[in-house]
Amino acid sequence: MPETGETPEHPEHDSRTSQEAATTRSHEASARPDPSAPAPTPAARPAVPLLAALALWVYAVRHTDVSALDDYGLVSALHPTFWAGLAVLTAGFWFTVRDPHRRAAWPAAYVLGLLVIERATQAVLYPTPLYAWAWKHDAVIDHLLTSGGLQSADQLGDMAVYDQWPGFFAAQAALVRLLGVDNAAMYMAWWPLVSSVLLLLPLLLIYRTFTEDRRLIWTAVWLFCVGNWVGQDYFSPQSVAFALHLGVLAVVLRRYGRPGGRSDRQRQAVWTVLLSVLVIAIVVSHQLTPGMLVVTLLALAFTRRHRDWVPLVTTVVIFLAWCLTAALPFLSAAMPDLIRSVGDIGANVETGYGSTPTGTGAVATSWAARLLSGSVLLLALAGVLRQRTLRQRALPLLLVAAAPLPMFVASSYGSEMIFRVLMFMLPGAAFFAAAALLPRVPAPAADTRETERGAPPAPAPRRRSPLPSLPPLRYAAWLSPLVLLAGTLAFVPSYSGKDRVNYFPPGEVALVRQLFDQAPDDSLVVAANRNYPLAYEQYWRVDHYWFLEDTRTHVDDIVRDPSAVLARDMAGVEAPARAYFLLTQGQVANSEMNGQLNKAQLRRVRESVADSPRFERVAQNSAGVLYVLKPAS
């Protein structure tokens, strides 16, 4: 027996004591700063470049004059501090997103800052909304508000197509009533910013399906924002339909594919209801987006991971139901041209007369846009080749990028198919392009997510890949941020290089509004082209004729003897209706920069009409002139 006060020997007690002491020493050592480790940076440091960039942007827009734009559009008018602000913002984003200690809110703040600088600059600088098609859509909304319902082709002619896809316009008419404003022109200048922000949530959901790497996710979002120069974010059905398209893809990629039991099937039934609502909103609002969605879902359905035909069948059924009912009148008339264009790839990608960039500025900005898109696609190819594990696990996203390509075979879509295909390819392309800028991307967490849903994990990567895997690039640390900066700067000429065509000064708006305020019912408005504000104002009671859209032979006749040929074309209008000739700043800019008529030819047309006794000048200001054809004696 041991003596009183002595501690008996217990090996387990000694072991636990030594382990506790070792743990205490380890905690004390970890609490002490490591002299070799970099010192922690203040939490608020990422705010410095962000606030500096926004301050430079505010200064730039306050010192930018847009009263006299040249062929480079907004590019040459911007104050130099604008470019400095973009550079500071890009640098701050790059170093913030690569810092693992930074919260995810900071990259989000930088992306929002980028969207403000990219998409809000024009709304702040220009006193009137941009883009003739946005004004056209405002006229469609006004028609719905005044007519109280949809109308047929017998009543509206070609404009009845908007009544056959009324989803966007009906929603905007309701919004106009809800806000208590006169028309959508009161807020449509800010629509590019709003529609771009709407894309962020579905994009994040899609990218997080394939990776948890914050660097890859936010760099991909950034590249998507700077690569989306096509301009379909303006006040249009396409802007909302594209966001809904991404929403459908997010639901399909995250909630469909190889269900693991009855509970999964019940949950998918709920998601199918949501998917159906999104698809219906797309189908009733836009003609092209449902087709893009069908080919994308078809490509996904052939992958092992997403071999679920419910989303595709649901979309096809809803699409066909609408085409065979409400949209049937338009499709019946357009079907011969649609069938004729199938397979004619050369004609489908050809720009055609009146849409070819002409002049140094127009050509330069057009090449900037091409180089920007080409660079994103080349980076995406590099990312696919370099990141073998990523391309295998994110194969569905690669298919999302490739699926729109067959649409070149289907139609030209008014010479815009190439731009729409680029836009629908961009979500997938931006993801792999971001992977090319990052030296290492860890394996994504898609397998873990599928296992939690009860589905078997995706097969492990094979040793041999069908595509070659390039070795890690040994480039300097500054190359990737420079590429990112070059793309960010290239967005500006790509997106705003045609602002001379798209901007209508207040004087031009006032002149056109004066025309429609005095034009009697069944009057005719003759103009060079449709590039002016309010071009479709009151289209249900006033006819339009844009002579540059006529045959080239007739255009040549007008150039040879403008007043005589135009007077003959306008002579069929019967009283009390009147025939007006309108020539504005926007028409001249569009004609010159898109290869229709040059400045000398347009001046000849204007002077001939001014000197003719058949025409009487009604109104004139610095932005244009308005004439009326006198009644024949």
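Just so you know, these numbers come straight off a predicted model, no measurement behind them.
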Please round to the nearest 0.5 Å and tell me the distance separating atom [atom1] of [X] and atom [atom2] of [Y].
{"X": "Asp233", "Y": "Leu199", "atom1": "CG", "atom2": "CG", "result": "8.5 Å"}
{"X": "Leu246", "Y": "Leu198", "atom1": "CG", "atom2": "CG", "result": "10.5 Å"}
{"X": "Trp229", "Y": "Thr365", "atom1": "CH2", "atom2": "OG1", "result": "9.5 Å"}
{"X": "Trp190", "Y": "Ser195", "atom1": "CH2", "atom2": "OG", "result": "13.0 Å"}
{"X": "Trp367", "Y": "Leu372", "atom1": "CH2", "atom2": "CG", "result": "13.5 Å"}
{"X": "Ile282", "Y": "Leu288", "atom1": "CD1", "atom2": "CG", "result": "11.5 Å"}

Does [X] reach the main-chain N or O of [Y] with its side chain, forming a donor-acceptor pair under 3.5 Å?
{"X": "Asn590", "Y": "Val501", "value": "no"}
{"X": "Arg391", "Y": "Leu385", "value": "yes"}
{"X": "Ser375", "Y": "Leu371", "value": "yes"}
{"X": "Arg386", "Y": "Ala436", "value": "yes"}
{"X": "Ser67", "Y": "Asp65", "value": "no"}
{"X": "Tyr495", "Y": "Asn228", "value": "no"}
{"X": "Ser285", "Y": "Ala241", "value": "no"}

Taking all non-hydrogen atoms of both residues into account, name the closest pair between [X] and [Y] and its distance.
{"X": "Pro46", "Y": "Trp106", "result": "CB-CD2, 3.7 Å"}
{"X": "Ala528", "Y": "Gln587", "result": "N-OE1, 2.8 Å"}
{"X": "Ala250", "Y": "Leu205", "result": "CB-CB, 4.0 Å"}
{"X": "Val66", "Y": "Tyr503", "result": "O-CE2, 3.8 Å"}
{"X": "Val75", "Y": "Pro493", "result": "CG2-CA, 3.4 Å"}
{"X": "Arg119", "Y": "Pro192", "result": "CG-O, 3.5 Å"}

side-chain contact (heavy atoms from CB on, under 4.5 Å) with Val279: which of Leu244, Val248, Thr289?
Val248

Partner of Gln122 under side-chain contact (heavy atoms from CB on, under 4.5 Å), chosen from Asn502, Leu130, Leu193
Leu130

Applying the side-chain hydrogen bond (donor to acceptor under 3.5 Å, both in side chains) test to Gln238, which of Arg420, Gln232, Gln287 qualifies?
Arg420

Step-by-step side-chain contact (heavy atoms from CB on, under 4.5 Å) determination, His137 to Gln172
CA-CA 10 Å; His137 295 156; Gln172 293 297 329; over 6 Å; no

Residue pairs passing the side-chain hydrogen bond (donor to acceptor under 3.5 Å, both in side chains) test with at least one member in residues 216-225, sequence neighbours excluded, are Trp222-Thr488

Please table the atom pairs, donor to acceptor, closer than 3.5 Å between any side-chain atom in residues 77-87 and protein atoms at least two apart or in another chain.
unit_1, atom_1, unit_2, atom_2, d
His79, ND1, Thr81, N, 3.2
His79, ND1, Thr81, OG1, 2.9

Do the side-chain N and O atoms of Tyr126 and Asp499 include a donor-acceptor pair separated by under 3.5 angstrom?
yes

Examine the side chains of Trp57 and Thr121 and answer whether a donor and an acceptor come within less than 3.5 Å of each other.
yes

List the steps and the verdict of side-chain contact (heavy atoms from CB on, under 4.5 Å) for Leu437 and Leu223.
CA-CA 10 Å; Leu437 295 180; Leu223 282 174; 4.1 Å; yes

When you look at Val492 and Leu74, which way does the side-chain contact (heavy atoms from CB on, under 4.5 Å) test go after all the steps?
CA-CA 8 Å; Val492 181; Leu74 188 60; 5.7 Å; no

Determine, stepwise, if the pair Tyr532 / Trp135 fulfils side-chain contact (heavy atoms from CB on, under 4.5 Å).
CA-CA 9 Å; Tyr532 54 93; Trp135 290 88; over 6 Å; no

Taking the six-membered ring for Trp, are Phe224 and Phe242 parallel (under 30°), tilted (30 to 60°) or perpendicular (over 60°)?
parallel

Any side-chain heavy-atom pair of Arg254 and Ile206 under 4.5 Å:
no

